[in-house]
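Working notes, structure below.
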Amino acid sequence: MTAKSAKGLPIVIIAGIVLAIGIFSMGNTLVQGQVLFGSTDQVPWNILIVAYVFLALAASGMCLVSTFGHALGFERFEIISKRSLYLAIAVLIPALVVLTMDLGRIDRAIYFITSPNLQAPMWWMGATYGIYVVVLLFEFFSVQTGNEKAVKVASYITLCGAVAATSILGGIFATVVTRPLWYGGALPLFFVLSALITGIATLMIATVLTYKFTRETMSYRLQEVLSYLGKAMAILLAVALGFHLWRLITLFYVGSDSFGIILNGMYSTVFWGVVIALGIIVPIVMLMKNRTPMKLVVAGMFVLIGMFVDKYITVMGGQLVQPFGEVATYTATFTEWAIIAGGIAGSVLIYMYGVKKFSLETHGHEDEKVTEVKPSKAG
Amino acid sequence: MAKNYAMTIDLQSCIGCAACSVACKNENNTDTGMNWSHHIHTTTGTFPNVKYEYIPTLCNHCDNAPCVKACPVKAMYKDDENGLTLHNADKCIGCKACMASCPYGVISYNKKDPHQYWNDQESWYDDVSATPAEIKEKIGTEVPYYNPERAFNYEAIRYRGIVEKCQMCDHRLDRGEQPYCVSRCPAEARYVGDLNDPNDKIHELLTHDHKTLREDLGTKPKVFYLRSF
Ligand code: SF4
Ligand code: SF4
């Protein structure tokens, strides 16, 4: 433990500083209002929404991976279930805080309960995430106290919750008929797919780096599971590539202005360079064989960058084309970035706290079955 | 029977003077840059073959309003009594879901409290003209051209953190008056009538050629543009 804390100290300090700047920016926003944000009447949602979508999807993805072991009975996943579950909580709670910063009147959140609009996807998102967070916390509490039965029941609920919350989040965008980059039933499904991809990438990075920092050796079984997850991610990435291509093809057929933004306009360089090449093609090639832990980390990083930029293009790009053809612009401000960075730093700190306090590498009765062998390449 | 108000704008009468937009600002106490009544104007072609088009715009009070469906807390709602799409300033949480889903871009968000200009302590010419803050103090209202009538059924001046949009002067319609933009239009291009009343003049007006904006979206907009060129 002492070696662990000493090694982690610089990270804690850096994350602490970033978090402090983030909290300061949040306070500043509460005092000065959203004049500190880059959003406008033409582009009402800003990069906080992008970050929220990205982080909430990552959390749902990790929750799903944790249910592979807990609910669906894939035994080999049991050894990462607990870490995955805890990470989901560590990411989701700061994500929700980031989201609330974009509400003009957070003090009126009570109207979600007293004046619900059951037609509004945003209401459903609020409701499902509200319930989902509570059940996630309960599930982790049950894992911690060794209540296997409660874990099982809770994990069924969080499994449904993760899929529902993620697709409803997609539904907020998918129901907007006027925005071609959003509209249609494919987007909620793509959000679920993105959730799995983002979640797996985050989990792989967190797991491998945790072992690196604590200088503990990864069991062969763990390496095997990670390698397996890497392979699964590569397959899911190929499906994501298919989604992107079909989206472009359909946009091409309707001659949408949004098509130009992606194909060869304002966002084309980041779309082709970051989302497609760096975020999908390169990781797929990397993950084809020899999935060593460090390779998983690097591929995972590329995937996360690609996924973030993808959500940026969807959420922001979707708002740029104005009703009568004009194209607006949007630039994120320092305050927005600081709040996002603060949220991510919060997640890192919550996770590190968990690593220290809750022995995330083990899970209940599976402990003794974990055999320690020398780390080697898992193919 | 409940009413269902709709507006007609005769594009061949409209002279593109934007008096409607100015009148709206007076009536509804909107700040600079916040336009419930707006316009699209497009110039196409090169001289001498130029076409200039001016279309006054406002909230279409859509019968199938995406903004109403998107609002999580029913702050944006359809009023059963008059068929208008109205905003409840007291309930709005400022999530901007309505803005993201309105296909016409007619909803504005208050990033800050409006009319800050009137707190300014600097005059245009020192010792010659009064400062905005002095004028405001002298007149004793929120803004010098403040219209208290707007407070009849909506926040007279909205505030930071919520959205706002055209309410079709529901406070005036309530007492049998036309919206202010309608009564101030020098070309008498506008009219608001009740679609549910078969004797209303609006049915006669709608016998002219007419269109609505982005009809293809299925929003059933209720601002009808008559006789476009
Ligand atoms: S024009 Fe926009 S704000 Fe007005 S009712 Fe239609 S969708 Fe709502
Ligand atoms: S900004 Fe206000 S009116 Fe618009 S959807 Fe949100 S709560 Fe409703």
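Every chain is numbered from 1 and lettered A, B, ... according to where its sequence line falls, protein lines coming before strand lines.
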Without swapping roles, check the side chain of A:Arg105 against the backbone of B:Cys92 for a donor-acceptor pair under 3.5 Å. no
Among A:Phe173, A:Trp45, A:Phe324, single out the residue with the greatest number of heavy-atom pairs under 4.5 Å to chain B. A:Trp45
Output the option from B:Ala100, B:Gly105, B:Ala97, B:Ser101 having the highest count of non-hydrogen pairs under 4.5 Å with chain A. B:Ala100
Residue B:Ile93 versus chain A: region with a heavy atom under 4.5 Å: both
Who in residues 175-182 of chain A is close to chain B, using a strict under-4.5 Å heavy-atom cut-off? A:Val176, A:Val177, A:Thr178, A:Arg179, A:Trp182
Pick from A:Gly325, A:Gly126, A:Gly318, A:Ser39 with the largest number of heavy-atom pairs that fall under 4.5 Å of chain B: A:Ser39
Please classify the contact of A:Thr100 with chain B as side chain, backbone, both or neither, using a heavy-atom distance under 4.5 Å. neither
Any residue of residues 47-72 of chain B which, by heavy atoms, sits under 4.5 Å from chain A: B:Val68, B:Lys69, B:Ala70, B:Cys71, B:Pro72
Return the option, out of B:Asp216, B:Asp90, B:Leu217, with the maximum number of heavy-atom pairs under 4.5 Å with chain A. B:Asp90
Given the options A:Thr114, A:Ile172, A:Val43, A:Asp102, which has more heavy-atom pairs under 4.5 Å with chain B than any of the others? A:Asp102
Are the side chain of B:Lys74 and the backbone of A:Tyr111 linked by a donor-acceptor contact shorter than 3.5 Å? no
Neighbourhood of chain A inside residues 153-168 of chain B, taking heavy atoms under 4.5 Å as contact: B:Tyr159, B:Arg160, B:Gly161, B:Ile162
Does any part of the side chain of B:Val73, heavy atoms only, come nearer than 4.5 Å to the side chain of A:Trp123, both counted from C-beta? no
Main chain of B:Gly94, side chain of A:Arg108: is a donor-acceptor contact present, judged purely on distance under 3.5 Å? no
Without hydrogens or angle criteria, can the side chains of B:Lys96 and A:Gln34 be said to hold a donor-acceptor pair below 3.5 Å? yes
So, for A:Pro323 and B:Pro103, which heavy atoms are closest and what is the spacing to 0.1 Å? CB-O, 3.2 Å
Is B:Lys3 atom NZ crowded by more than 12 heavy atoms from other residues, nucleotides or ligands, each under 6.0 Å away? no
If you take all heavy atoms of B:Cys95 and A:Leu103, which pair is closest and at what distance? CB-CD2, 3.5 Å
A:Gln32, part contacting chain B, at a heavy-atom distance under 4.5 Å: backbone
Would one find more than 12 heavy atoms of other residues, nucleotides or ligands at under 6.0 Å from atom CD of B:Glu137? no
So if I take each residue of residues 8-26 of chain B and look for any heavy atom under 4.5 Å from a heavy atom in chain A, which residues do I end up with? none
